[in-house]
4 protein chains.
Amino acid sequence: MTKNKLKEVAMRLFGEKGYDGTALSEIAKEVGVKTPAIYFFYENKEDLFMTVFKEAMEFYNLFIQELSEDQAELNAKDSLYRILIRQHHFYQKNPEYSLFVLRYMLFPPSFLKETIEKAFLHSDVLLTKVIEALIVQGIQEGTIREQSVEFLVDAFLNLLDGSCMQYFYYPSTELYERKLNNAFAMYWNGACS
Amino acid sequence: MTKNKLKEVAMRLFGEKGYDGTALSEIAKEVGVKTPAIYFFYENKEDLFMTVFKEAMEFYNLFIQELSEDQAELNAKDSLYRILIRQHHFYQKNPEYSLFVLRYMLFPPSFLKETIEKAFLHSDVLLTKVIEALIVQGIQEGTIREQSVEFLVDAFLNLLDGSCMQYFYYPSTELYERKLNNAFAMYWNGACS
Amino acid sequence: MTKNKLKEVAMRLFGEKGYDGTALSEIAKEVGVKTPAIYFFYENKEDLFMTVFKEAMEFYNLFIQELSEDQAELNAKDSLYRILIRQHHFYQKNPEYSLFVLRYMLFPPSFLKETIEKAFLHSDVLLTKVIEALIVQGIQEGTIREQSVEFLVDAFLNLLDGSCMQYFYYPSTELYERKLNNAFAMYWNGACS
Amino acid sequence: MTKNKLKEVAMRLFGEKGYDGTALSEIAKEVGVKTPAIYFFYENKEDLFMTVFKEAMEFYNLFIQELSEDQAELNAKDSLYRILIRQHHFYQKNPEYSLFVLRYMLFPPSFLKETIEKAFLHSDVLLTKVIEALIVQGIQEGTIREQSVEFLVDAFLNLLDGSCMQYFYYPSTELYERKLNNAFAMYWNGACS
DNA sequence: GATGAATGAGTTTTCATTCAT
DNA sequence: GATGAATGAAAACTCATTCAT
């Protein structure tokens, strides 16, 4: 129980204030326990962080895997759009996970650089495959104009990354959603014609 | 002299390791001076950081302003593409500025949240105007199909943000450039047809 | 069972790393038990230490008492030499006891100073008596020249102490044995002539 | 100033209570300074300890070197006896140095084992040379009976070690001196005849 | 007999900051 | 301009100890 609460609070605080900006005492306090209690469950700060990090990555990868499921009955356009929406939903429903993953993907603490790069590459490959499949489907459907798949995948991934970034710095949801829809419309337009 | 060295080193270290992860002693050491010397030039850590931050924002805004200059003789397509290239160049030529700006735009230390939001909004408005002008030019040229300007601007900004993100997490320049070109091609394709 | 294992491990670790340098958790771990288990058998760290200490002293005193036994059939010279040899054997066969006793005789933790002094005095008196008896026997035999017994006893005790010290800081057994034999030969030479 | 006071107090406390039994806060308090001040002069606890250790060894080796000086005009017997006396004086005049050296020669903290062994070997060689010279002198004088020098040296070193040990555990000076004199008399007796 | 969970007290260490020089 | 010396505050971590189970 305490162990899990520690993980949750740690994820949130590490995500919000960074590794160095988060004191174990803060985490402990929010959980309602004294600092040394942390050491009963985790070896040290780094261990707590790594545990949280691994879980966040697993959760995030799970999300990516789920993107490819349940899309069989949809056409390519709806499926691709749905990915953007799901990404948005994921950010909204799991703000802690999202912030944490984004932060440490872009700015890993020095002791994590290598691990992060591997973890990120893994997610990237996973995601690329999902997009690829949908692009191919679209071409087969005849909705996407026949052209290089790589080309279409790259552009969609850029779209996703752009949306990710904008989600975190545009405060207003409406604004974000407008931009998202516009960007996707433009993408689809380019993909078809 | 020392004052400027301090700023440079501080920008780099704050960008790489974060505000809390950077000790004043580290900055001082790299500059070749003892820690208390910092207090001769700056009130305290926050002051040093803010000074660096302001300069970084000014420099970044300068870059954005320059985007609109010297583009008179180019057509809209080349101008837009040139913006992406210049962004890339800016990141490559000023890695410390770039990393710093990205980091604190996405993850400002708590005492900076509001200031950052304002500063960012300012840059955003600036950039939007530049893009808008080029889009209008393109429509007038007849290269861009007549349609909502906002729509085209949003999509281009998304493209810029996506490229920003990818620059920082894709290690290889080649890969980054391929993705950038593909994404722009798709954008232009969508804009025209 | 566990209680005894705790004692053994505690003796070894206290001997090797000192009272403050030995954590109860280490002792517990080596025994294969969790730390709180120690409190089932011993009141606290001090109690565990004292128990170990008392046993070590008893064991050591037993050794001293045994020195006087089974020597009836030997002449004085052989008996005295045998004491040195036995001391050596004791150190070799009971390295943990020896180290522990030596350490806390010379450097008792503050809460033990008085107890230790008494315990030590007791052993000293015991040992002195044993030596005295053998010296007297030697004089009666006529092998030791007639002279002050105290004088001969003091010199022999010094020999014993010197050997003790050297045992613990000379790494090589050969070297130690050579030195021991030479020192005893010199003693006997002085005692006879 | 503070730096030296720290060294002095550290030597005394480390000698009395051991490395693990001595808190930096105690040392700081006795010096009249707050704990972090220590870190201005020494890297960490180990560094402070090592600094003290090196100085103690140098001082001790100096003492050993001085043993050989100014003895030219004395005969061998007086010179040897003087060594015992000087050892005694050294212990009395420099109780902190003596206790410290003895403690860490016999019970070095784990991180010091190797360093200590080397340092000790060095002192041992130094001392052996001094004694050897005097023994040879004694034989040349004709006061010491002609016999193996090694034999005489070993016995004298044993005498020194025994005296060292006894100094630290016999509380009374008188008792210690009686024992010392008796042991030396016996040694000389054996050496001559 | 023994453990899981937790804590209070204390340790070493870091760091921003101050101030006299 | 810059440093040596020092500190207050807080950090991470350790450890003996407790207690319910």
Side-chain angles (χ1 to χ4, degrees), chain A residues 1-3 5-6 19-29 31-49, chain B residues 1-3 5-6 19-29 31-49, chain C residues 1-3 5-6 19-29 31-49, chain D residues 1-3 5-6 19-29 31-49:
Chain A
M1 212 76 288
T2 298
K3 192 173 181 176
K5 275 203 241 165
L6 283 170
Y19 182 78
D20 295 299
T22 306
L24 292 183
S25 56
E26 278 181 281
I27 299 174
K29 191 172 233 171
V31 172
V33 98
K34 306 293 175 188
T35 313
I38 295 178
Y39 289 85
F40 182 74
F41 300 103
Y42 302 94
E43 269 187 37
N44 49 34
K45 193 181 182 182
E46 212 173 299
D47 181 31
L48 171 57
F49 181 84
Chain B
M1 212 74 283
T2 297
K3 191 171 182 179
K5 276 203 238 164
L6 282 169
Y19 182 77
D20 295 298
T22 305
L24 290 184
S25 56
E26 276 182 281
I27 299 174
K29 190 175 236 169
V31 171
V33 99
K34 304 292 175 188
T35 313
I38 295 178
Y39 288 83
F40 184 80
F41 301 103
Y42 303 96
E43 268 187 39
N44 51 32
K45 192 181 183 182
E46 214 173 297
D47 180 32
L48 171 57
F49 181 84
Chain C
M1 212 74 285
T2 298
K3 191 172 183 178
K5 274 203 240 166
L6 282 170
Y19 181 78
D20 295 299
T22 305
L24 290 184
S25 55
E26 275 182 284
I27 298 174
K29 189 172 237 172
V31 171
V33 97
K34 304 290 176 188
T35 314
I38 295 177
Y39 288 83
F40 185 79
F41 301 104
Y42 303 95
E43 270 186 38
N44 50 32
K45 193 180 183 182
E46 214 173 299
D47 180 31
L48 171 57
F49 181 83
Chain D
M1 214 76 286
T2 299
K3 193 171 182 179
K5 275 203 239 165
L6 283 169
Y19 182 78
D20 294 298
T22 306
L24 292 182
S25 55
E26 278 181 280
I27 298 174
K29 191 172 232 170
V31 171
V33 99
K34 307 293 175 188
T35 313
I38 295 177
Y39 288 84
F40 182 75
F41 300 103
Y42 302 95
E43 270 186 36
N44 50 32
K45 192 180 183 183
E46 213 173 298
D47 180 33
L48 171 58
F49 181 82

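Here is how names work: the chains are called A, B, and so on, in the same order as the sequence lines, proteins then strands, and each is numbered from 1.
Where Thr22(A) and Glu46(C) meet DNA chain F, the nucleotide closest to each residue was compared, and Thr22(A) sits on the side nearer the 5' end. Positionally, the nearest nucleotide of DNA chain E for Glu26(D) lies more toward the 5' end than for the other of Glu26(D) and Glu26(B). Mapping Asp20(B) and Thr2(C) onto DNA chain E by nearest heavy atom places Thr2(C) at the nucleotide closer to the 5' end.
In this structure, CG on Asp20(B) lies 6.0 Å from NZ on Lys45(B), to the nearest 0.5 angstrom. To the nearest 0.5 Å, atom NZ of residue Lys29(A) and atom CD1 of residue Ile27(A) are 13.5 Å apart. Expressed to the nearest 0.5 Å, how far CZ of Phe41(B) lies from CG of Asp47(B) amounts to 12.5 Å. Here the NZ-OG distance, from Lys34(B) to Ser25(B), works out to 11.0 Å after rounding to the nearest 0.5 Å. Atom-to-atom distance recorded for Leu6(C):CG and Phe40(C):CZ is 12.0 Å, nearest 0.5 angstrom.
Within 4.0 Å of Tyr39(B), counting heavy atoms only, lies at least one base atom of the nucleic acid.
Counting all heavy atoms, side chain and backbone alike, Ile38(D) lies closest to Leu24(D) at CD1-O, 3.5 Å.
When rounded to the nearest whole Å, the span between OH of Tyr42(A) and P of dA6(E) equals 12 Å. Across the protein-nucleic acid pair, Lys29(B) atom NZ and dC15(E) atom C1' stand 14 Å apart, rounded to whole Å. Remark: C1' of dA5(F) and CG of Leu6(D) are 12 Å apart, rounded to the nearest angstrom. For the pair Met1(D) CE and dA6(F) C1', the interatomic distance rounds to 16 Å; values are reported in whole Å. Computed from coordinates, the Lys3(A) NZ to dA6(E) P distance equals 12 Å when rounded to whole Å. Separating the CG atom of Leu24(D) from the P atom of dT14(F) is a distance of 16 Å, rounded to the nearest angstrom. Computed from coordinates, the Phe41(D) CZ to dT13(E) P distance equals 17 Å when rounded to whole Å. With rounding to whole Å, Lys45(C) atom NZ is found 15 Å from dT18(F) atom P.
For the pair Lys3(C) and Tyr42(C), the cation-pi test (distance below 6.0 Å, angle within 45°) is passed.
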Please list, for nucleotides 7-10 of chain F, all pairs of protein and nucleotide N/O atoms separated by less than 3.5 Å.
{"from": "dT7(F)", "atom 1": "OP2", "to": "Lys34(D)", "atom 2": "N", "distance (Å)": "2.9"}

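Helix-axis bend for the helix from dA2(E)-dT21(F) to dT21(E)-dA2(F): the local axis fitted to the five terminal pairs at one end deviates from that at the other end by 20°, rounded to 10°.
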